[in-house]
Asks: 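Take this structure first; my questions come after.
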Amino acid sequence: MPSQKIETGHQDVVHDVSMDYYGKRLATASSDATIKIIGVGSSSHQHLATLTGHQGPVWQVAWAHPKFGLMLASCSYDGRVIIWKEGNKPDEWSQAHVFTEHTSSVNSIAWAPHELGLCLACGSSDGNISVFTGQPDGSWVMTRIEQAHPVGVTSVSWAPALAPGALVGSGLLEPVQKLASGGCDNTVKIWKLHNGIWKMDCFPALQKHRDWVRDVSWAPNLGLPKSTIASASQDGTVVIWTVIKEGDQWEGRVLHDFKTPVWRVSWSLTGNILAVSDGNNSVTLWKEAVDGEWQQVSTVEP
């Protein structure tokens with residue numbers, strides 16, 4: 001698809017852009033407290049809907065897997081998470097559910113891999129992470145990680161559902177229910193659901209950053225034994241965290257010092273290319289070389 005510039009129609013800063021599963025629609029989140037749905041073609045785009053309901057800046061938007069229907073989640077400075085559903089008529093959206101369990105800004109949301117069901121993780125400035133799981137009757141059940149990062153959670157990311165080593169092991173393995181989180185305490189933490197209770201799965205917390213962790217992203221691993229997480233920080237660095245096999249210690253290596261705050265990190269579907277966006281308004285792509293060193297392979301032109 002050739003690059004195209006999309007005018008969102010927002011009245012303020014756009015904080016997040018999320019493309020749906022089929023690459024046909026964009027959702028955008030803005031400080032103007034609205035969400036825009038934009039249809040995207042190979043050479044054109046059209047505004048489809050404006051979703052209103054938040055009472056503060058909207059930080060992130062995330063599409064659910066299409067097997068659950070047309071559903072979008074959003075989180076905001078107003079402390080609320082809204083689940084939006086498209087109705088019987090195209091581009092008519094309604095609020096299917098509003099979560100008000102957090103007491104301050106909800107900064108990050110992430111849908112679990114679809115194998116785990118309809119499940120949304122939310123990280124908040126109140127220090128807590130909540131995980132909402134949709135039930136067949138339309139209700140939602142919440143589990144919670146109390147004071148995951150007491151000074152504030154900035155980001156959450158799910159582990160792949162395929163257990164590490166599934167490709168080289170034998171027998172059927174249960175889907176993995178793990179989360180990575182980043183916070184204002186400069187750390188990255190790993191959490192695992194065990195008998196209905198979330199417990200920390202790394203000791204101690206992963207510490208290599210000198211300032212807020214802005215984003216964490218768990219790489220797809222396609223069933224290989226190694227697990228990889230990227231973290232981006234206010235301190236200007238991106239760290240690649242790896243664990244060779246389940247139960248080992250996580251090791252962190254600095255990918256690069258960008259000398260400016262790093263906002264977001266995002267993996268390719270195969271988990272071998274990392275996109276990084278930074279405070280210089282640049283997006284760079286990085287790939288691991290055979291010797292384990294990370295190299296910049298290109299810059300995405302604005």
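Numbering of residues begins at 1 and proceeds along the displayed sequence. No experiment lies behind these values; they were computed from the predicted model shown.
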Asks: Are the aromatic ring centres of F68 and H114 under 6.0 angstrom apart?
Replies: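 Not close enough - the centres of the two rings lie 6.0 Å or further apart.
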Asks: For residues S181 and W191, is any side-chain donor paired with an opposing acceptor at under 3.5 Å?
Replies: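 Short answer, yes.
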Asks: Can you label the angle between the W63 ring and the W93 ring as parallel, tilted or perpendicular, going by 30° and 60°?
Replies: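 Judged by the thresholds at 30° and 60°, the geometry between W63 and W93 is perpendicular.
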Asks: Just by distance, no angles: are the side chains of Q207 and N186 close enough, under 3.5 Å, to form a donor-acceptor pair?
Replies: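 On atom types as modelled, these side chains do not qualify, holding no pair under 3.5 Å.
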Asks: Under a 3.5 Å threshold, yes or no: a donor from one side chain and an acceptor from the other, between W59 and S105?
Replies: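 There is such a pair (donor and acceptor under 3.5 Å, judged by atom type) between the side chains of W59 and S105.
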Asks: Using atom types as modelled and distance alone, determine if a side-chain donor or acceptor of D215 lies under 3.5 Å from a backbone N or O of R264.
Replies: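 No: the side chain of D215 does not pair with the backbone of R264.
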Asks: For I190 versus C202, what's the shortest heavy-atom pair and its separation?
Replies: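 Shortest heavy-atom contact: N-SG, 3.4 Å.
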Asks: Taking all non-hydrogen atoms of both residues, which atom of H102 and which atom of S124 are closest, and how far apart?
Replies: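 That closest heavy-atom pairing would be ND1-CB, 3.2 Å.
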Asks: Is there a continuous path of hydrophobic side-chain contacts, each under 4.5 Å between heavy atoms, that joins V276 to V239?
Replies: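 No, no single cluster joins them.
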Asks: Please verify the inter-ring angle class for W140 with H97; under 30° counts as parallel, over 60° as perpendicular, anything in between as tilted.
Replies: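 Tilted.
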Asks: Do D278 and K259 meet the salt-bridge criterion of a basic N to acidic O distance under 4.0 Å?
Replies: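 Salt bridge: no.
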Asks: Going by atom types alone, do T50 and K36 pair a side-chain donor with an acceptor below 3.5 Å?
Replies: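 Present: a donor and an acceptor within the cut-off.
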Asks: Taking the side chain as every heavy atom from C-beta outward, state whether I37 and L51 have any atom pair closer than 4.5 Å.
Replies: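 The answer is yes, as the side chains (C-beta and beyond) meet within the 4.5 Å cut-off.
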Asks: Could you tell me whether D91 and R25 have a side-chain N and a carboxylate O separated by less than 4.0 Å?
Replies: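 Salt bridge between D91 and R25, a charged N being under 4.0 Å from a carboxylate O: yes.
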Asks: If Ile, Leu, Val, Met, Phe, Trp and Tyr residues are connected whenever their side-chain heavy atoms lie under 4.5 Å apart, and connections chain through other members, are L120 and M71 in the same group?
Replies: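 Yes, because L120 and M71 connect within a single hydrophobic cluster, where side-chain heavy atoms sit under 4.5 Å apart.
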Asks: Could you check whether E251 pairs with K208 (Lys NZ or Arg NE/NH1/NH2 to Asp/Glu carboxylate O, under 4.0 Å)?
Replies: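 No salt bridge links E251 with K208.
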Asks: State, without any angle test, whether Q4 and H45 hold a side-chain donor-acceptor pair at a distance under 3.5 Å.
Replies: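 On atom types as modelled, these side chains qualify, holding a pair under 3.5 Å.
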Asks: Looking only at the side chains, is there a donor atom on one of T187 and H209 sitting less than 3.5 Å from an acceptor on the other?
Replies: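 Absent: no donor and acceptor within the cut-off.
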Asks: Scan side-chain atoms only and decide if S282 and N280 contain a donor-acceptor pair under the 3.5 Å cut-off.
Replies: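 Checked: S282/N280 side chains show no N/O donor-acceptor pair below 3.5 Å.
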Asks: Quick one: sort the H256 and W286 rings into parallel, tilted or perpendicular, breaks at 30° and 60°.
Replies: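 Judged by the thresholds at 30° and 60°, the geometry between H256 and W286 is tilted.
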Asks: If every non-hydrogen atom of S231 is compared with every non-hydrogen atom of V188, which pair is closest and at what distance?
Replies: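 Here S231 and V188 meet closest at CB-CG2, 3.7 Å.
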Asks: May I ask you to check whether S125 and N107 show a side-chain donor-acceptor distance below 3.5 Å?
Replies: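 Yes.
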Asks: Group every Ile, Leu, Val, Met, Phe, Trp and Tyr by side-chain heavy-atom contacts under 4.5 Å, then state whether L255 and V283 land in the same group.
Replies: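 In one cluster with L255: V283, no.
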Asks: Test of understanding: clusters of I, L, V, M, F, W, Y form through side-chain heavy atoms closer than 4.5 Å, transitively. Do M200 and V156 belong to the same one?
Replies: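 Result: yes, single cluster for both.
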Asks: Hey, is E246 close enough to K178 for a salt bridge, meaning N to O under 4.0 Å?
Replies: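 A salt bridge links E246 with K178.
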